[in-house]
Amino acid sequence: MVIKHQWIFKTESPWSDANQKMLVLDTGGWRTERPVLDKSLCNYCGLCSLYCPPQCMRDKGDHYEVDLAFCKGCGICAHECPKKALTMKPEGEFTNEG
Amino acid sequence: MKAKKGKISVMMGNVVAANVARLCRPEVVACYPITPQSEVAETMSGFVADGSLDAEIVEVEGENSAMNVCLAASVAGARTFTATSSYGLVYMYDAIMQASGYRAPVVMINVNRETPGIHAVSSGQQDMIATRDAGWVQIIVENNQEIADQLIMCYRLAEDYDIQLPVMLNYDGYYLSYLNEEVEIPEQSDVDAFLAPLKNQPQRPRIIPGAATGCGTHGMEMGYVEARYKHWAAMDRAKKKVDEIDQQFADYFGRSYGGQIEEYRMNDAEIAILASGSAAGTAKTVVDTKREEGIKVGLVKQRLFRPFPEERLIAALKGKKAVGVIDRSVGFGWKYGPMCTELKAIAPSIGNVPILSYIDGLANLDITIPHIGRVVDEVNAAAKGNAYQAVTWIPME
């Protein structure tokens, strides 16, 4: 058998660097709603980031910003936000953003 | 260099397993007790309690946790040990697949026992058969000395950098688990010496606190295919490795088991019996008796069940006039026993000869000398061109 496949894992066992490989799928395309932040309400408590299942909240120093390439739109961040700073909005409102 | 003569004792199979597991210096042990394995778990706990084993014992609430603990400890770099049987083995089914998928070199003893559905607290290989496609190396041994020696070899195999596979060591529940037999237990220094080559190998990847690494989590599309391909290729490599390790064991300790298979009086044999486990010992006695009667019969003891020892079996059985296979389990969906079905898959390479399937020894019913004698006679008759029955459930007749 002639292997044409380009090896994905550097190791014999399927280990990889999570920072590089974990988020390879563009799961953002699965989303029907996205969390939108009202920065005036956010107190930077970090609960949205702690609860986010795929860990796609990015720490911006005074607030958290969702990484839309990976956010599946589950809404847990908005549900857990004690300040109601996050609101889930339908993707249809953002179609012009491409 | 040769090993020193070990201490000779009379020991129960389960206690042998625990004593030798201790000598292999596992760092994490998680066993949930189950008949007929319980003495393994008890004795290991005793060793840690009395200070003769420096290991972390995790007292788990069931076998699923036992395997997950071993898996996690193994990917953190520890040498691990666990033991189970029957219901316990199937209760950890998802976890054993996880372990092999992660290529975690967990070593587990499985004391063969019948499986759920019919509550048989008795011997049989159905548990091992039920997990045969879980990606583990599966080895079956015949007696208490072989439990001791093979367990040491299992660590060499599992943790070998070229292999990196979990290994399941199977021995017959009740027959061996509770059998008191003379056993030579090697010296600690000799077990250390035999396992020492593992220390010279490259370090396998492991969980490092603080580092964002992942294992088994990126199996989408070609990641899955690649991981499975590597696993499949490692299983194939494991066959020769079993033979090599057996040879090195023989050179050092002076005992050999033939590696993937043991051939007994096969050189000039015209017909052959294939058996495994403790029944292979009985079969050797029958082969000797039948030889005296003038029947040129030999025995192939299948030690390596997964990966299937294709090349060795072909070499051993090619040209024989008929083969009888004794299975201690049922192959649901096939007429023949599981080992017989697999042998039939390589039949074209052996020759177009009768292969007779026998189901015997289920639920602690002995595979007796008369039973195997009957198998030899029928295989001998089939070799001479007589009609034969494709499958025989010996206890049902």
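We name chains A, B, ... by the order of the sequence lines, and we start the count at 1 in each one.
- Among the residues in residues 197-208 of chain B, those with a non-hydrogen atom closer than 4.5 angstrom to a non-hydrogen atom of chain A are Pro205(B), Arg206(B), Ile207(B).
- When side chains are defined from C-beta on, Met1(A) counts as touching Tyr229(B), because their heavy atoms get closer than 4.5 Å.
- For Asp54(B), the CG atom counts as loosely surrounded, since its 6.0 Å shell holds 12 or fewer non-hydrogen atoms of other residues, nucleotides or ligands.
- Atom CD of Glu91(A) is surrounded by more than 12 heavy atoms from other residues, nucleotides or ligands within 6.0 Å.
- By the 6.0 Å contact criterion, OH on Tyr51(A) is open, its count of non-hydrogen atoms from other residues, nucleotides or ligands being 12 or less.
- In this structure a side-chain-to-backbone donor-acceptor pair under 3.5 Å is missing from Lys230(B) to Pro14(A).
- We find that Arg237(B) and Glu12(A) are joined by a salt bridge, their nearest charged nitrogen and carboxylate oxygen being less than 4.0 Å apart.
- Considering every non-hydrogen atom in both Phe9(A) and Glu226(B), the closest pair reads N-OE2, 3.0 Å.
- Trp15(A) and Cys215(B) get closest at one heavy-atom pair: NE1-SG, 3.2 Å.
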